[in-house]
Amino acid sequence: MSTHQAMTPVKEASITTDEVHVFEDLYEKRAALHNLIHISENNELIRNEELYQRFLKDYAQLEHDYQAYWTHIADKYGIHEEEGYYFHLDFKTCKITLRPEHA
């Protein structure tokens, strides 16, 4: 392997179906909490401050867990975000790719 090949960043990685399921679970919980927060913020009649604060706290923890799992997967498979790119996970093919932000 040449030095140039060793320096080329990984642009794609295949992960296991179990890892995809973890992402699906985190993504679904994240979307649900986001929706609950949005509903709570925009409907004074059903807003319960204690519940709203719980949603915010849970969302912050979930966001931390989500980012930590991305970091774990990136390290495991040697795929890392680069400036101008973002991670894209195809849930059907179990592939992570780097995609340009402004494509």
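L56 CG to I37 CD1: the interatomic distance, rounded to the nearest 0.5 Å, is 4.5 Å. In this structure, F55 CZ and N35 CG are separated by 11.0 Å, a value rounded to the nearest 0.5 Å. Residue E63 holds its CD atom at 10.5 Å from CG of L33, rounded to the nearest 0.5 Å. Taken to the nearest 0.5 Å, the CZ atom of R99 stands 13.5 Å off from the CZ atom of F87. Expressed to the nearest 0.5 Å, how far CD of E24 lies from OG1 of T17 amounts to 9.5 Å. Here the NE2-OH distance, from H102 to Y86, works out to 11.0 Å after rounding to the nearest 0.5 Å.
Atom NE2 of H38 has 12 or fewer neighbouring heavy atoms from other residues, nucleotides or ligands inside a 6.0 Å radius. Within a 6.0 Å sphere centred on NE2 of H34, other residues, nucleotides and ligands contribute 12 heavy atoms or fewer.
Contact annotation: the side chain of L89 approaches that of I15 to within less than 4.5 Å [non-hydrogen atoms, C-beta and beyond]. Here the side chains of E101 and E83 are not in contact, with every heavy-atom distance at 4.5 Å or above. The closest side-chain heavy-atom distance from I96 to E12 is not below 4.5 Å.
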Discussion item. Checking K95 against H88 for the side chain to side chain contact (heavy atoms under 4.5 Å, CB included) test, could you report, in this order, the C-alpha distance in whole Å, the side-chain angles of both residues, the deciding distance, and whether it holds?
Written reply: CA-CA 8 Å; K95 288 193 184 236; H88 171 78; over 6 Å; no

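Between V20 and C94, the shortest heavy-atom distance links the atoms CG2-SG, 3.6 Å. For the residue pair H80 and D75, the shortest heavy atom distance occurs at CE1-OD1, 3.0 Å.
Geometrically, R30 engages Y66 in a cation-pi contact, judged by NZ or CZ lying under 6.0 Å from the ring centre and within 45° of the ring axis.
A donor-acceptor pair shorter than 3.5 Å cannot be found between the side chains of D25 and H21. For the residue pair E19/Y77, the side-chain donor-acceptor check at 3.5 Å is satisfied.
In this structure, Y69 has its ring center closer than 6.0 angstrom to the ring center of F23.
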